[in-house]
Enquirer: 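Sharing a structure, written as structure tokens. Questions coming.
Every number for a ligand or one of its atoms is a count from 1 in the order of the listing. Just so it is clear, the structure is predicted and the values come from calculations on it, not from any experiment.
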Amino acid sequence: MSLWKKSLTELSSAVKNKEVKPSEILEAFLERTQKVEPEIKSYVTNLIDKAYEEAKKKDDKLLKLEEIPDLFGLPIAIKDNIITKEIRTTCSSRILENFVPPYNATVIEKLNKQGYIITGKTNLDEFAMGSSTENSAFFTTRNPWDYERVPGGSSGGSAAAVGAGIVPAALGSDTGGSIRQPAAFCGVVGLKPTYGRVSRYGLVAFASSLDQIGPITRTVEDAALLMNVISGWDRRDSTSSKQEVPDFTSYIGKDIKGLKIGVPKEFFIEGLDPEIKNIVENAIKQLEKEGAVIEEVSLPTTKYAIEAYYIIAPSEASSNLARYDGVRYGYRTSDYKDLEEMYSKTRDEGFGAEVKRRIMLGTYSLSSGYYDAYYLKAQKVRTLIYQEFMDVFQKVDILATPTTPDIAFKIGEKTSDPIQMYLSDIFTVSVNMAGIPGISIPCGFKDGLPVGLQLIGKPFDEGTLLQVAHYYERLNDFYKRFPGE
Ligand code: GLN
């Protein structure tokens with residue numbers, strides 16, 4: 001099998017057993033990148049040539065290492081809203097187009113300790129606001145399964161890169177579905193960890209109470225491997241948790257007999273494409289046949305999740321984005337007569353339409369006359385969502401739902417209607433609102449395009465999610481398929 005088709009786990013053991021050199025791996029991904037990246041456009045900053053040079057250095061280092069870390073010499077792509085020292089970090093925004101950070105995010109430091117190799121910074125919707133990468137200030141990434149369709153978003157570049165096989169794994173971020181939705185659209189695995197599981201230090205803030213970094217990979221085991229590296233308490237993120245980090249790979253290969261899987265009826269309603277419904281229901285039946293116990297459950301507040309999310313996320317965004325003022329870093333307008341005009345022109349020229357829309361929505365919801373009516377109410381809805389999940393988790397171990405209401409849509413199809421775009425996250429946002437973990441895994445195809453199954457877990461129980469996801473993955477062969485093959 002060609003090296004570029006191998007999973008991160010397979011590549012890791014091959015390096016550890018000294019069966020293959022990092023430079024051989026990078027050469028395979030370099031060739032694959034040259035072949036498909038010009039069409040897919042997953043990278044804002046493509047570093048694959050540098051990565052190959054780095055791999056050659058790692059070849060020699062490998063011989064001298066006594067203990068070889070799991071990710072040594074392995075290529076990984078990073079979403080361009082994760083801070084990388086001396087590597088341009090744009091958030092796919094004009095306002096940060098030339099921003100070269102002087103420090104690393106905590107997750108990058110952790111990857112560096114492993115000796116990973118960065119292949120590039122991947123495209124996203126500007127500041128992670130969107131569901132298609134069409135809000136990138138630079139260009140739209142294409143879905144590797146159909147170039148006329150979006151890869152999803154906001155981590156569309158990361159998901160497309162993994163889906164196309166130009167890199168075995170990537171990091172994304174998920175505020176309302178931005179890891180799981182593009183993973184579903186591109187036929188790969190995407191895990192949003194529990195809020196607090198992974199340090200947000202160095203993740204450019206969108207909505208701080210919802211944002212989490214997580215892995216996008218080809219297999220579930222690969223997600224476990226990456227989770228082992230990136231998880232854990234960090235003194236530089238006051239919201240990171242001291243909860244013990246298990247060995248996530250220890251859940252791989254475990255049986256699912258007797259495990260209780262809840263199916264929330266509110267996720268199988270009107271608006272869900274009938275074929276997707278069918279595919280997801282079949283996946284759940286497959287798990288039942290293997291000994292899992294399926295139970296219908298109800299999460300009635302789910303229907304308000306999108307509305308509440310689009311108050312809370314923009315409110316936090318409007319505050320977080322106040323820092324881009326043209327003074328400290330980032331873009332500054334060239335022509336202004338006073339400070340006030342410098343601020344407003346910088347922000348007007350630096351931010352795209354969606355970002356401005358969010359800032360306006362958020363500033364409005366937080367203003368004194370409207371705070372109680374909107375922001376406070378949305379926070380109450382958020383509490384109800386959390387409580388409902390906790391009640392349901394008294395009865396079942398995990399939940400199974402579709403990741404998205406439909407397959408990847410056409411480029412341009414939803415750009416003129418923000419509400420339609422917002423609805424693509426209808427099944428993912430409540431997970432962020434509750435701060436709990438969720439994973440999307442491929443569970444079939446509709447019209448040749450991938451469909452995602454979402455599993456939702458108890459706080460800090462990513463392990464059980466990985467266990468069930470891996471069990472399901474091995475019942476089928478979706479993970480072995482590559483577009484165009
Ligand atoms: N699509 C959602 C939004 O636009 C979620 C984005 C995300 O998870 N970063 O806000």
Enquirer: May I ask you to check if Arg358 and Phe351 form a cation-pi contact, with NZ or CZ under 6.0 angstrom from the six-membered ring centre and within 45° of the axis?
Expert: no
Enquirer: Given that the side chain starts at C-beta and the backbone is N, CA, C, O, which of these parts of Tyr422 lies under 4.0 Å from ligand 1, counting heavy atoms, or is it both or neither?
Expert: neither
Enquirer: Please determine whether side chain to side chain donor-acceptor pair (under 3.5 Å) holds for the pair Ser240 and Asp234, giving the CA-CA distance in whole Å, both sets of side-chain angles, and the decisive distance to 0.1 Å.
Expert: CA-CA 6 Å; Ser240 78; Asp234 178 12; 5.8 Å; no
Enquirer: Under 3.5 Å between some N or O of ligand 1 and some N or O of Ala128?
Expert: yes
Enquirer: Any donor-acceptor pair under 3.5 Å linking the side-chain atoms of Asn476 with those of Arg481?
Expert: no
Enquirer: Counting only heavy atoms closer than 4.0 Å, does ligand 1 sit against the backbone of Asp425, its side chain, both, or neither?
Expert: side chain
Enquirer: At less than 4.0 angstrom from any non-hydrogen atom of Ser154, what atoms of ligand 1 do you find?
Expert: 9 (N)
Enquirer: How far is atom 7 (C) of ligand 1 from its nearest protein heavy atom, and which residue and atom name does that atom have?
Expert: Ser178 OG, 2.3 Å
Enquirer: Using a 4.0 Å cutoff against the non-hydrogen atoms of Phe206, which atoms of ligand 1 qualify?
Expert: 9 (N), 10 (O)
Enquirer: Need the ligand 1 atom indices (1-based, order shown) with element for anything under 4.0 Å from a heavy-atom of Met129.
Expert: 4 (O)
Enquirer: Is there a donor-acceptor contact under 3.5 Å linking the side chains of Gln181 and Thr404?
Expert: no
Enquirer: Is the closest side-chain donor-acceptor distance between Thr84 and Lys121 under 3.5 Å?
Expert: yes
Enquirer: If you measure from each non-hydrogen atom of Tyr310 to ligand 1, which part falls under 4.0 Å: side chain, backbone, both or neither?
Expert: side chain
Enquirer: For Ser131, counting its heavy atoms only, list the atoms of ligand 1 lying under 4.0 Å from any of them.
Expert: 1 (N)
Enquirer: Between ligand 1 and Ser173, is the shortest N or O to N or O distance under 3.5 Å?
Expert: no
Enquirer: Which ligand 1 atoms does Tyr309 reach within 4.0 Å, using its non-hydrogen atoms?
Expert: 2 (C), 3 (C), 5 (C), 6 (C), 10 (O)
Enquirer: Strictly under 6.0 Å, is that where the ring centroids of Phe127 and Tyr324 end up?
Expert: yes
Enquirer: So, is Arg358 polar-close to ligand 1, with some N/O to N/O distance under 3.5 Å?
Expert: yes
Enquirer: For the 3.5 Å polar cut-off, considering only N or O atoms, please tell me whether Gly176 and ligand 1 meet it.
Expert: yes
Enquirer: Just jot down the ligand 1 atoms closer than 4.0 angstrom to any heavy atom of Gly130, in number order.
Expert: 1 (N), 2 (C), 3 (C), 4 (O), 6 (C)
Enquirer: Does any non-hydrogen side-chain atom of Met421 lie less than 4.5 Å from one of Glu354?
Expert: no
Enquirer: With Asp174, which of Lys79, Arg180, Arg200 fulfils salt bridge (charged side-chain N to carboxylate O under 4.0 Å, His left out)?
Expert: Arg180
Enquirer: Got Leu71 and Leu8 here, is their nearest side-chain heavy-atom distance under 4.5 Å?
Expert: yes
